[in-house]
Amino acid sequence: MSDEDITLTAGDAEVTVQPGNGGRVGGLRIGGVEVLRQGERFGCFPMVPWCGRIRDGRFLDGAAVRQMPLNAPPHAIHGTARDSAWRTARTSTAEAVITHELADPWPHQGRVTQVVALTEDALTLTMSVETYDSSFPAQIGWHPWFNRNLGGEDVQLDFQPAWQEERGDDHLPTGNRIDPKPGPWDDCFGMPGGVDVTLTWPGQLELKVASRQEWVVVYDEQEAAVCVEPQTGPPNGLNTLPRLVTPLEPLEATTTWSWRRL
């Protein structure tokens, strides 16, 4: 099937899926109000096969040192899949399944599958990475850009992380865990019970970002949007906390955004 945009609907919720633009969710409208920042780079894009920055673009893959393109010099950031067209595997009124074949500059063959499922009050994103031959380290995450303002008061963030990853001058975790500090943030937090972050636009909408994963990056240093990014490991995790994808064991993760009107 093609990589044309897909529209999903359930109740008064509408989602646009953009396989041709990096497999991203291009829009989420609730009661006609767009919740995600619009634009080719925004919406909510999948971070795969890694999340956040890799130090100097290099990671250890078995005994080999791999070099990724430095798309956020001096580092490599957010994986390769967001820069490629995905393919549509199947769609229905409220669900889309899209796939992406890992390729250069990533050194291994593998398939990424993303399921986008909409109900009247929730959007669930599920992603898996499979390999057919060699094993390799990988990460999965999502990078949504939520509009800071929906026409009323600015959004408020509420979450209770167990720790914050200390951030070095190079924007990467130092390896030290510290007590969570007040924002603004471009920081990774640990939530061992699972990611649970509530965004509230007072008098308008409450949206909860949840995931069984225990890592979340919160980025709210931009004026227009706030990012809440559940992921399977911290930034630079291909080096510090690698998760191995094997022919017998794919890597899978899910995030659900649920909402209610205020």
Determine whether [X] and [Y] make a side-chain contact, defined as any pair of heavy atoms from C-beta on separated by less than 4.5 Å.
X	Y	value
Glu229	Cys51	no
Val195	Thr255	no
Leu199	Val209	yes
Asp170	His75	yes
Val129	Leu102	yes
Lys208	Asp196	yes
Arg37	Asn147	yes
Arg82	Ile77	yes

ILVMFWY network linking [X] to [Y], side-chain heavy atoms under 4.5 angstrom:
X	Y	value
Ile6	Val112	yes
Phe45	Leu36	no
Ile140	Phe59	yes
Val197	Trp145	no
Val25	Leu205	yes

Please list all pairs meeting side chain to side chain donor-acceptor pair (under 3.5 Å) that have one or both residues in residues 239-249, counting only residues at least two apart or in different chains.
Asn236-Asn239

Short N-O contact, Arg111 and Glu130, less than 4.0 angstrom
no

Test item: [X] side-chain N/O and [Y] main-chain N/O as donor-acceptor pair under 3.5 Å:
X	Y	result
Asp5	Gln18	no
Glu223	Arg148	no
Thr174	Gly168	no
Arg24	Arg41	yes
Gln38	Gly26	yes
Gln67	Asp56	yes
Glu165	Cys188	no
Asn149	Gly152	yes
Arg212	Thr254	no
Arg58	Val65	no

If I compare all heavy atoms of [X] with all of [Y], which pair ends up nearest, and what's the gap?
X	Y	value
Val245	Ala138	CG2-CB, 3.7 Å
His100	Ala81	CD2-CB, 3.6 Å
Thr80	Pro49	OG1-CD, 3.4 Å
Gln139	Pro234	NE2-O, 2.9 Å
Pro69	Ala76	O-CB, 3.2 Å
Gln213	Ala253	NE2-CB, 3.8 Å

Can a donor-acceptor pair be found between the side chains of Thr113 and Thr99 at a distance below 3.5 Å?
no

Please report whether the ring centroid of Trp50 lies less than 6.0 Å from that of Phe136.
no

With a 6.0 Å cut-off on ring centres, are Trp259 and Phe146 close enough?
no

First locate atom [atom1] of [X], then atom [atom2] of [Y], and finally report the distance between them rounded to the nearest 0.5 Å.
X	Y	atom1	atom2	value
Thr7	Arg29	OG1	CZ	7.0 Å
Trp215	Met191	CH2	CE	12.5 Å
Asn21	Trp86	CG	CH2	12.0 Å
Asp187	Arg167	CG	CZ	4.5 Å
Glu34	Leu150	CD	CG	9.0 Å
Leu118	Glu95	CG	CD	10.5 Å

For Gln109, is the CD atom crowded, meaning more than 12 foreign heavy atoms sit under 6.0 Å from it?
no

Quick one: which of Asp61, Asp133, Thr131 gives a side-chain hydrogen bond (donor to acceptor under 3.5 Å, both in side chains) with His108?
Asp61

Classify the angle between the aromatic ring planes of Phe159 and Phe189 as parallel (below 30°), tilted (30 to 60°) or perpendicular (above 60°).
perpendicular

Residues passing the side-chain contact (heavy atoms from CB on, under 4.5 Å) test with Pro192, sequence neighbours excluded, are Ala162, Trp163

